Engineer: 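Please find one structure pasted underneath; my questions will follow.
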Amino acid sequence: MAALGVNHICSRLPSARMDDQWSVESLTRLRERVESFGLTLDLVPLPLSSNEIEKFENPNIMLGKSPERDRELDDICQMIRNTSRAGIPGLKYNLTFLGVPRTASTKGRGGADYSTFVYEQAKQDPPLTKAGVVNADMYWERITYFLKRVMPVAAEYKVRMAFHPQDPAMPADIGYRGVTTVLGTVEGLKRFVTIAESPYHGLNFCQGTVSEMLRKPGEEIFDVIRYFGSRGKIFNVHFRNIRGGFLNFQETFIDDGDVDMLKAMRVYREIGFDGMMMPDHVPKIAGDASTFQAFAYTFGYIKALIAAVSAEA
């Protein structure tokens, strides 16, 4: 990545539980190893991954089951403290029951496989997660309980908490597998960032995921970027493009979707964004088993867009 011109990164998950990998010493070693390549470690994932609830590392936070969720939240708070003490400025996380549902992939440019979601084709099997029916009020209660516990700690220790929205959006009235996905709408995200308000409470702004919430992302995404960016709520960006929109989309190559990514980059400059612009969910190409080629292409495209926009300043 350093050879490709990357200068800031997010690491992999240190550990799914509060163990030695989350100690100050281990996190410091991780940061120093990254720095030895001339890179800066901006983010580390918390064990609140984009997994469905059956595989979620700390499920009781989402299930609302006490006292288990309080013990899990104690661990999350300690991870925040240790991250700060290790000199790492940010953590990213999800609050999901559903993981990242997709339907069968479809063919894109050059025969590449594009990850695809078509709500009408999705098999909601089983019809409920182990959380059962989760309506909007239940979901917001669990979100609020989480934020009111962790955000004061993040503010005290000056650790940015970057939240990734629900991927993909679902119908507001019927949801998906019994879950009303309140974090899969722009309005839901607007509400989310006002709970336990803090300059350390913001978004891992997945432009692809937010585009999936919109009926015309090629027209609408720019004002969404402005809304959250002008309020200082975009901590990092998953700079991903899609073709289609709400309930029916493909994840394309960065230059093969409906969003003008040069225009998007200009909007990030306009709002004064200075965080990471990150690839995310690249297509699969024959002969590129680990998607390294597709990621390298995306890194190069992002670097070129940054250079183009910088030249306009």
Side-chain angles (χ1 to χ4, degrees), residues 9-32 34 40-53 55-97 99 131 134 138-166 182-183 188-189 191-205 232-236 275-276:
I9 70 164
C10 174
S11 74
R12 294 186 182 276
L13 177 67
S15 175
R17 59 194 59 84
M18 183 64 210
D19 58 18
D20 182 63
Q21 295 305 305
W22 280 102
S23 69
V24 175
E25 294 74 19
S26 289
L27 291 171
T28 301
R29 285 195 298 271
L30 171 63
R31 176 180 56 76
E32 291 173 345
V34 169
T40 300
L41 180 59
D42 276 19
L43 281 175
V44 172
L46 284 168
L48 300 167
S49 301
S50 58
N51 297 326
E52 59 187 284
I53 191 65
K55 299 178 181 178
F56 203 64
E57 298 94 343
N58 287 279
N60 295 297
I61 289 173
M62 297 309 298
L63 294 172
K65 185 180 179 183
S66 294
E68 290 85 354
R69 73 169 163 180
D70 296 297
R71 288 196 289 268
E72 292 175 356
L73 283 166
D74 286 342
D75 285 347
I76 296 296
C77 289
Q78 191 60 43
M79 291 171 187
I80 295 171
R81 296 183 189 99
N82 289 0
T83 297
S84 173
R85 290 165 178 155
I88 300 167
L91 292 160
K92 70 169 188 172
Y93 66 103
N94 295 259
L95 295 172
T96 182
F97 295 92
V134 180
M138 295 166 66
Y139 210 147
W140 282 119
E141 184 277 330
R142 289 161 203 186
I143 291 164
T144 302
Y145 195 94
F146 172 87
L147 293 175
K148 289 190 173 180
R149 279 289 302 275
V150 304
M151 287 307 159
V153 177
E156 179 183 355
Y157 285 84
K158 296 181 170 55
V159 175
R160 282 184 159 192
M161 299 287 288
F163 169 74
H164 191 295
Q166 171 63 48
V182 298
L183 299 174
L189 295 178
R191 175 176 172 179
F192 177 82
V193 297
T194 65
I195 301 170
E197 169 61 34
S198 162
Y200 297 95
H201 174 27
L203 300 176
N204 172 1
F205 189 82
K233 293 303 181 183
I234 298 179
F235 291 169
N236 62 293
M276 287 192 290

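Only heavy atoms go into these numbers, but all of them, side chains included; no hydrogens, no water, no symmetry mates. All values derive from a computational prediction rather than experimental measurement. Residue indices begin at 1 and follow the sequence shown.
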Engineer: Quick check: closest heavy atoms across Pro152 and Leu147, and the distance to 0.1 Å?
Structural biologist: CD-O, 3.8 Å
Engineer: For Tyr139 and Phe97, take the angle between the two ring planes, folded into 0 to 90°, and tell me which bin it lands in: parallel under 30, tilted 30 to 60, perpendicular over 60.
Structural biologist: perpendicular
Engineer: Looking only at heavy atoms, which two atoms of Ser66 and Tyr145 are closest? And how far apart?
Structural biologist: OG-OH, 4.4 Å
Engineer: When you measure from the side chain of Trp22 to the backbone of Asn82, do you find a donor-acceptor pair of N or O atoms at a distance under 3.5 Å?
Structural biologist: no
Engineer: Nearest 0.5 Å, what's the CG-CD1 distance between Leu46 and Ile80?
Structural biologist: 6.5 Å
Engineer: Please report the closest heavy-atom contact between Asp42 and Ile88, naming both atoms and the distance.
Structural biologist: O-CG2, 4.4 Å
Engineer: To the nearest 0.5 Å, what is the distance between OG1 (Thr144) and CE (Met151)?
Structural biologist: 11.5 Å
Engineer: Per the side chain to side chain donor-acceptor pair (under 3.5 Å) rule, what does the pair list look like for residues 193-203, sequence neighbours excluded?
Structural biologist: Glu197-Lys233
Engineer: To the nearest 0.5 Å, what is the distance between CE on Met276 and CZ on Phe235?
Structural biologist: 12.0 Å
Engineer: Among all residues two or more places apart in sequence or in another chain, which pass the salt bridge (charged side-chain N to carboxylate O under 4.0 Å, His left out) test with Glu52?
Structural biologist: Arg177
Engineer: Any idea which heavy atoms bring Val24 and Thr28 closest together, and the distance?
Structural biologist: O-OG1, 2.6 Å
Engineer: So, do Leu63 and Phe56 sit near enough that their side-chain heavy atoms are less than 4.5 Å apart?
Structural biologist: no
Engineer: Flag yes if more than 12 heavy atoms outside Arg17 fall under 6.0 Å of its CZ atom; otherwise flag no.
Structural biologist: no
Engineer: The test is side chain to side chain contact (heavy atoms under 4.5 Å, CB included); show your working for Arg142 and Leu95 and say whether it passes.
Structural biologist: CA-CA 9 Å; Arg142 289 161 203 186; Leu95 295 172; over 6 Å; no
Engineer: Measuring only between side-chain heavy atoms, which start at C-beta, is Met79 closer than 4.5 Å to Pro47?
Structural biologist: yes
Engineer: Which residues pass the side-chain hydrogen bond (donor to acceptor under 3.5 Å, both in side chains) test with Asn94, sequence neighbours left out?
Structural biologist: none
Engineer: Ile61 versus Ile76: any side-chain heavy-atom pair under 4.5 Å?
Structural biologist: yes
Engineer: Just jot down the side-chain hydrogen bond (donor to acceptor under 3.5 Å, both in side chains) partners of Asp75, sequence neighbours excluded, or say none.
Structural biologist: none
Engineer: Going by side-chain hydrogen bond (donor to acceptor under 3.5 Å, both in side chains), name the residues that satisfy it together with Asn204, two or more places apart in sequence or in a different chain.
Structural biologist: Asn236, His238
Engineer: Closest approach of Lys92 and Cys10, non-hydrogen atoms and distance?
Structural biologist: CE-SG, 3.7 Å
Engineer: How long is the span from the CD atom in Glu72 to the CG atom in Asn58, to the nearest 0.5 Å?
Structural biologist: 4.5 Å
Engineer: Name all residues meeting the side chain to side chain contact (heavy atoms under 4.5 Å, CB included) criterion together with Ser11; count only those two or more places apart in sequence or in a different chain, and write none if there are none.
Structural biologist: Leu30, Leu41, Val44, Pro45
Engineer: In a table with atom names and distances, give each donor-acceptor pair under 3.5 Å that connects a side chain of residues 153-166 to protein atoms at least two apart or in another chain.
Structural biologist:
residue	atom	partner	partner atom	Å
Tyr157	OH	Arg85	NH2	3.3
Gln166	OE1	Thr96	OG1	2.8
Gln166	NE2	Gly99	O	3.3

Engineer: Would you please name every residue forming a side-chain hydrogen bond (donor to acceptor under 3.5 Å, both in side chains) with Ser84, sequence neighbours left out?
Structural biologist: none
Engineer: Considering all heavy atoms of both residues, which atom of Ala86 and which atom of Arg31 are nearest to each other, and what is their separation?
Structural biologist: O-NE, 2.6 Å
Engineer: Could you pull out all residues at least two apart from Arg69 that satisfy salt bridge (charged side-chain N to carboxylate O under 4.0 Å, His left out)?
Structural biologist: Glu141
Engineer: If you round to the nearest 0.5 Å, how far is CG of Leu43 from CG of Leu91?
Structural biologist: 7.5 Å
Engineer: What residues form a salt bridge (charged side-chain N to carboxylate O under 4.0 Å, His left out) with Asp70, not counting sequence neighbours?
Structural biologist: Arg149
